[in-house]
2 protein chains.
Amino acid sequence: MRIGELAQRSGVSPRALRYYEQNGLIRARRSTNGYREYDEADVRLVAEIRSLIAVGFTLEDARPFVECLKAGHESGGSCPESVAVYRRKLADIDADIRSLLARRSEVAAQLAQACPGCLITRGES
Amino acid sequence: MRIGELAQRSGVSPRALRYYEQNGLIRARRSTNGYREYDEADVRLVAEIRSLIAVGFTLEDARPFVECLKAGHESGGSCPESVAVYRRKLADIDADIRSLLARRSEVAAQLAQACPGCLITRGES
DNA sequence: CTTGACCTTGACACCGGCGTCAACGCTTAC
DNA sequence: GTAAGCGTTGACGCCGGTGTCAAGGTCAAG
């Protein structure tokens, strides 16, 4: 299939697909007229990428998963490199959450100081 | 004082100060040669901006606080507009935290599915 | 032959808060 | 005079994942 069909079936734009290719995530065969030609496996690759993007992964993060699928594994996350990314992302998310909680309390403290009584305390255990 | 001194005393770069001015947060008088001229009140304004930036506010968010100080209030957060920003930011942060928690559990679920046993469950209560 | 729908590459725009460089003016010290 | 060290404005770069437009090639249908 060509890029338009893959785009429709994957729910992404042709632009995005070209961008993935530009970053080495998906290589397309070229037909004689220069058009990109994809197969069913590529649909799977794009789905993997989108599902990772959806949970906040970057394209760089997605790379090992795509490679894992290309290598023939039935799941993109079953390779050690993918698992390493999973762990790292979990750690990143945890760090972000801690950072947000800290910022939240700082903001609440500033508000309490600037305007005592403005902050409705609820569940500050 | 001129921009270099204000920059040193505030711990920001001259570039940042010009950027704040460009965004209408701080106006500087101009001496006859065109140099920006600041006073002590400006030191306070910059400090307010930096303290807000430090907790994740944008310059737009900081604007009401600066205006509040300019209006003569002793605290930048004591004006109703500032309090509104405080509340909005707290809501934003809470939303971000919820989003991160959701993403965290999705990632953990994907990891658990792709590689059962890889995820060391700890305190998932 | 022409229209129109598809494809190609290349490049600019976005968002925020600056860093950095260019090219130039002012002021002071030597 | 001149060099150093301040100041000025203007403009590009960054980061990620596209959207969007430009200018053109390809191909099937009428």
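A, B, ... follow the sequence lines: proteins, then strands. Residue 1 opens every chain.
In this structure, A:E5 atom CD and C:dA5 atom P are separated by 18 Å, rounded to whole Å. One atom, CD of A:E21, and another, P of C:dT9, lie 7 Å apart when rounded to the nearest Å. Atom CG in B:L17 sits about 9 Å away from atom P in C:dC18, given to the nearest Å. Straight-line distance from the CD1 atom of B:I3 to the P atom of C:dT27: 17 Å, rounded to whole Å.
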> Can A:Y20 and A:R27 be said to form a side chain to side chain donor-acceptor pair (under 3.5 Å), step by step?
Replying inline: CA-CA 9 Å; A:Y20 299 160; A:R27 331 148 207 161; over 6 Å; no
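Checked for salt-bridge contact, A:E5 and A:R2 miss the test: no charged N lies under 4.0 Å from a carboxylate O. Using a 4.0 Å cut-off between charged side-chain N and carboxylate O, A:K70 and A:E67 make a salt bridge.
In the set D:dC6, C:dT8, C:dC6, the nucleotide with an atom closest to the side chain of A:R18 is C:dT8.
At its two ends the helix from C:dC1-D:dG30 to C:dC30-D:dG1 runs along axes set 50° apart, each axis drawn from five pairs and the angle rounded to 10°.
A distance-only check finds a donor-acceptor pair linking the side chain of A:D39 to the backbone of A:D42 [under 3.5 Å].
What you find for B:L6 and B:V43 is that their closest heavy atoms are CD1-CG2, 3.7 Å. Counting all heavy atoms, side chain and backbone alike, B:R104 lies closest to A:L90 at O-CD2, 3.7 Å.
At a cut-off of 3.5 Å, with distance as the only test, no side-chain donor of A:S99 or A:D96 sits close to an acceptor on the other residue.
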Enumerate all atom pairs, one protein N or O and one N or O from nucleotides 11-17 of chain C, separated by less than 3.5 Å.
{"residue": "C:dG17", "atom": "OP1", "partner": "B:L59", "partner atom": "N", "Å": "3.2"}

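Contact check of residues 28-48 of chain A against DNA chain D (heavy atom, cut-off under 4.0 Å) returns A:N33, A:Y35.
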